[in-house]
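Here is the structure we will look at, set down as structure tokens.
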Amino acid sequence: MTTHQYTNHDVAEHLRLIANLKEIKGEGRFHYLAFRNAAEVVDSLGEDINDIVAAGKLTDLPSVGKGVAEVITQFLASGDSDLAAKLRDQVPISLIDLLAVEGLGPKKVARLWQELGITTLDELKAAAEAQKIRQLKGFGAKSEEKILKGIDLLARRGDERTPLGVARPAVLGLIADLKAALPDDAITAIEPAGSVRRWKESVGDLDILAITPRPAEVMAAFCSLPQVRDVLWRGETKSRVRLKDGLECDLRAVAQKHWGTALQYFTGSKQHNIELRELALKQGWSLSEYDLEATGRGDAPAGEKRHFAAEEALYEFLGLDWIPPEMREARGEIALARTHNLPRLITTADIQGELHGHSNWSDGKATIQEMAEAAIARGYKYWLLSDHSIGLGVTGGVDSEKLAQQRDIVEELNQGWADAGVDFRLLLGVELEILADGRLALTNDVLAKLDVVVASIHSSLRQDRETITRRALNAINNPHVDILGHPTSRMLSRRPPTEIDMERVMRACAETGTVLEINAHPVRLDLNDVHARRAVDLGCKIAISTDAHRPQHMDFIEYGVAVARRAWLTSENVINTLPWDKMQQALK
DNA sequence: GCCGTTTTCGGCCCGACTGTTTTCAGTCG
């Protein structure tokens with residue numbers, strides 16, 4: 001069995017290191033951008049790059065040519081590359097840290113190094129405090145102040161991204177407060193843009209786009225919102241603030257006629273936009289956030305402008321179907337839109353019920369009946385009660401006897417709904433603990449009596465790759481285990497995924513008909529989008545569930561559906577879009 | 001360094017804002 005030492009992410013980081021060193025060294029823009037582009041490609045790859053190298057398919061990847069392929073091959077074999085070694089001889093590697101300081105880019109870092117001999121953050125701080133930096137042409141007192149502030153910020157904040165589950169409510173709150181602070185006619189339209197609109201699992205900052213006849217008034221109100229700690233930029237049409245919780249937020253104001261191009265532009269992703277602009281250029285148009293302008297190389301006379309009040313019209317003009325924001329990651333969606341082959345993405349309306357949830361019999365906060373009634377209120381046709389089994393220390397889990405008691409309750413409740421003509425079924429299952437040694441916490445004869453079994457790992461999360469993978473495979477190979485819950489056990493910005501070999505797990509699920517869960521809780525989002533895409537490519541079925549521990553958690557379903565949409569999933573890929581009888585047939 | 005619906009050579013997205021400038025380079029998204 002192949003156990004690889006270096007992951008896709010390791011490779012991407014190595015390529016980024018090379019790009020950064022090349023940039024500081026002053027190599028041409030396109031030489032280092034090539035490495036950065038390749039890093040993005042490798043990072044969003046569903047397959048293990050070791051397998052791609054083994055198959056000799058490396059240069060089939062976009063942005064990977066001879067040079068990048070050579071680096072990747074060397075890195076996978078040795079953990080380093082000749083190119084990186086050569087660059088480290090020429091450029092002090094600690095300069096990379098300086099790039100993280102706000103306002104410092106490669107050009108300035110290179111000058112600080114060459115003209116003042118600064119190579120570390122400590123030296124940079126000392127030089128700024130001693131007012132030595134202002135001696136350099138192009139730097140002044142304000143530059144020193146900004147550098148010191150930047151270093152301070154870096155020490156306190158790190159470079160962590162914010163989970164979508166925090167960012168999305170924050171941006172919706174800002175929009176609501178901004179509207180409330182202004183007269184009704186000041187804002188014609190306002191929307192979150194950027195990675196929040198693309199439902200990316202974590203975001204670097206917040207973006208808001210507004211149509212307004214009076215941008216100055218809107219900018220002023222925005223900069224004085226109570227959430228704002230610092231105003232970083234304040235312009236006519238664009239402002240950037242730092243909020244009290246440390247998040248940064250951009251607001252852009254545009255005129256009505258620019259809405260289509262502006263919303264498209266500020267939604268990104270950056271790479272999607274670059275591809276779209278390249279496509280426009282081929283058709284003789286230069287695309288900006290304001291308009292399309294003819295370059296003169298196409299049919300229209302140079303300088304002719306086209307405006308788009310809606311995104312759909314812009315995409316259509318370029319010969320494309322409208323691309324849902326969740327797909328705009330430069331993963332081949334533009335080619336599909338061109339040939340009218342975009343998938344019909346799943347929506348929350350397709351969800352017929354949930355297949356993972358808890359009651360106060362384990363660590364949930366509501367009764368079985370309360371949870372089921374919340375599911376009914378959402379229009380679901382079924383809901384799986386799956387309390388933790390015994391074997392998980394922190395929650396008094398259910399055993400054979402308690403499951404029998406739950407069965408009585410479930411049957412009584414179902415009878416009541418049937419008598420009342422309510423089209424709903426409460427299903428009885430369990431969230432089965434996969435123990436540290438790979439055994440399951442309940443016996444097969446107990447599991448056989450349940451409607452659906454979700455098996456999950458909650459403990460011994462630091463086991464090595466082989467051990468924890470075998471643990472999951474034991475569960476997958478059990479004929480009674482229907483669903484593998486939150487497969488990597490990661491918690492966004494709290495703990496990393498386990499070392500589990502997802503490629504092996506997904507292949508085993510495809511072979512056995514075991515369903516993989518997209519856990520919709522915004523802290524988990526596990527499977528993530530890349531894994532979900534790969535799982536479906538390998539023939540796996542998916543379930544999307546919120547893992548609700550109280551009724552309100554069922555609102556999280558939109559986060560899980562968003563992961564599925566980012567993975568290009570349709571309702572056919574997801575079993576809980578089926579009516580309950582067909583759904584049960586889809587289980588093994 | 002990568003890439004091809006004009007191309008194996010000659011391109012490679014576009015604009016706002018800042019700090020330092022007397023007209024712009026650098027950074028950022």
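Quick caveat: nothing in here was measured; it's all calculated off a predicted structure. Labels below follow one simple rule: chain letters A, B, ... track the order of the sequence lines, proteins then strands, and each chain is numbered from 1.
Straight-line distance between the C1' atoms of dG11(B) and dT7(B): roughly 9 Å, to the nearest whole Å. For the P atoms, the distance linking dT21(B) with dG26(B) amounts to 14 Å, nearest Å. dA16(B) and dT20(B) have their P atoms separated by 22 Å, given to the nearest Å. Rounded to whole Å, the C1' atom of dG29(B) lies 24 Å from the corresponding atom of dT23(B).
Two residues, Gly67(A) and Arg234(A), neighbour DNA chain B, and the one matched to the more 5' nucleotide by heavy-atom proximity is Gly67(A). Comparing Glu144(A) and Val68(A) along DNA chain B, the residue whose closest nucleotide (by nearest heavy atom) sits nearer the 5' end is Val68(A).
In terms of phosphate contacts, Thr59(A) brings no side-chain nitrogen or oxygen within less than 4.0 Å of OP1 or OP2 of dC3(B). Within the structure, a side-chain polar atom (N or O) of Ser286(A) is placed less than 4.0 Å from OP1 or OP2 of dC14(B). Phosphate contact (OP1/OP2 of dC14(B), side-chain N/O of Tyr290(A), threshold under 4.0 Å): absent. Contact annotation: Ser143(A) reaches the phosphate of dT20(B) (side-chain N/O to OP1 or OP2, under 4.0 Å).
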task: Encode nucleotides 24-29 of chain B as B, S and - characters from 5' to 3', where the letter depends on protein heavy atoms closer than 4.0 Å: B to the base, S only to sugar-phosphate, - to neither.
output: --SSSB

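By the ring pair (Phe, Tyr, Trp, His ring centres under 6.0 Å) test, His272(A) pairs with no residue at all, sequence neighbours left out. For Phe222(A), there are no ring pair (Phe, Tyr, Trp, His ring centres under 6.0 Å) partners, not counting sequence neighbours. The ring pair (Phe, Tyr, Trp, His ring centres under 6.0 Å) test applied to His9(A) returns no partner, not counting sequence neighbours. Residues passing the ring pair (Phe, Tyr, Trp, His ring centres under 6.0 Å) test with Phe308(A), sequence neighbours excluded: Phe317(A). Applying the side chain to side chain contact (heavy atoms under 4.5 Å, CB included) criterion to Leu33(A), with sequence neighbours excluded, gives Arg29(A), Phe30(A).
Separating the NE2 atom of His31(A) from the C1' atom of dC3(B) is a distance of 14 Å, rounded to the nearest angstrom. One can place CG of Asn273(A) at 13 Å from P of dG15(B), the figure rounded to the nearest angstrom. In this structure, Phe139(A) atom CZ and dT21(B) atom C1' are separated by 14 Å, rounded to whole Å. A straight line from CZ of Arg252(A) to P of dA16(B) spans 7 Å, rounded to a whole angstrom. Spacing between atom CG of Leu33(A) and atom C1' of dC14(B) amounts to 14 Å, rounded to whole angstrom units. One interatomic measurement links the two molecules: CD of Gln264(A) to P of dC14(B), which rounds to 13 Å at whole-angstrom precision. Distance Leu232(A) CG to dG19(B) P: 11 Å, rounded to the nearest Å. Atom CD1 of Ile274(A) is separated from atom C1' of dC2(B) by 14 Å (rounded to the nearest Å).
Sorted by first and then second residue, the side chain to side chain donor-acceptor pair (under 3.5 Å) pairs involving residues 78-87 of chain A (not counting sequence neighbours) are His14(A)-Ser81(A), Gln74(A)-Asp82(A), Asp80(A)-Arg88(A). Among pairs with a residue in residues 231-241 of chain A, those fulfilling side chain to side chain donor-acceptor pair (under 3.5 Å) read Asp205(A)-Arg240(A), Arg240(A)-Glu248(A), Arg240(A)-Asp250(A), at least two apart in sequence or across chains. Applying the salt bridge (Lys or Arg N to Asp or Glu O under 4.0 Å) rule to pairs touching residues 122-135 of chain A yields Arg134(A)-Glu144(A), sequence neighbours excluded.
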Distance-only donor-acceptor pairs under 3.5 Å for side chains of residues 273-282 of chain A, two or more places apart:
| unit_1 | atom_1 | unit_2 | atom_2 | d |
| --- | --- | --- | --- | --- |
| Asn273(A) | OD1 | Gln264(A) | NE2 | 3.1 |
| Asn273(A) | ND2 | Tyr265(A) | O | 2.8 |
| Arg277(A) | NE | Leu287(A) | O | 3.3 |

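Within 4.0 Å of Ala19(A), counting heavy atoms only, lies no atom of the nucleic acid at all.
Minimum atom distance to the side chain of Ser288(A) is reached by dC14(B), of the listed dA16(B), dG1(B), dC14(B). Of the candidate nucleotides dC14(B), dG1(B), dC12(B), dC12(B) has the atom lying nearest to any side-chain atom of Glu278(A).
For the side chain to side chain contact (heavy atoms under 4.5 Å, CB included) criterion with Leu76(A), the lone passing option out of Asn50(A), Val71(A), Leu58(A) is Asn50(A).
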Quick test: give all pairs of protein nitrogen or oxygen and nucleotides 5-10 of chain B nitrogen or oxygen below 3.5 Å, distance rounded to 0.1 Å.
none

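Pairing of dT8(B), defined by two Watson-Crick or G-U wobble distances under 3.5 Å, is not identified with any nucleotide.
The stretch residues 8-18 of chain A has no heavy atom under 4.0 Å from DNA chain B, so no residue of it qualifies as close.
A donor-acceptor pair shorter than 3.5 Å cannot be found between the side chains of Asn528(A) and Glu201(A).
The aromatic rings of Tyr6(A) and Phe75(A) lie tilted to each other, with the angle between the two planes from 30° to 60°.
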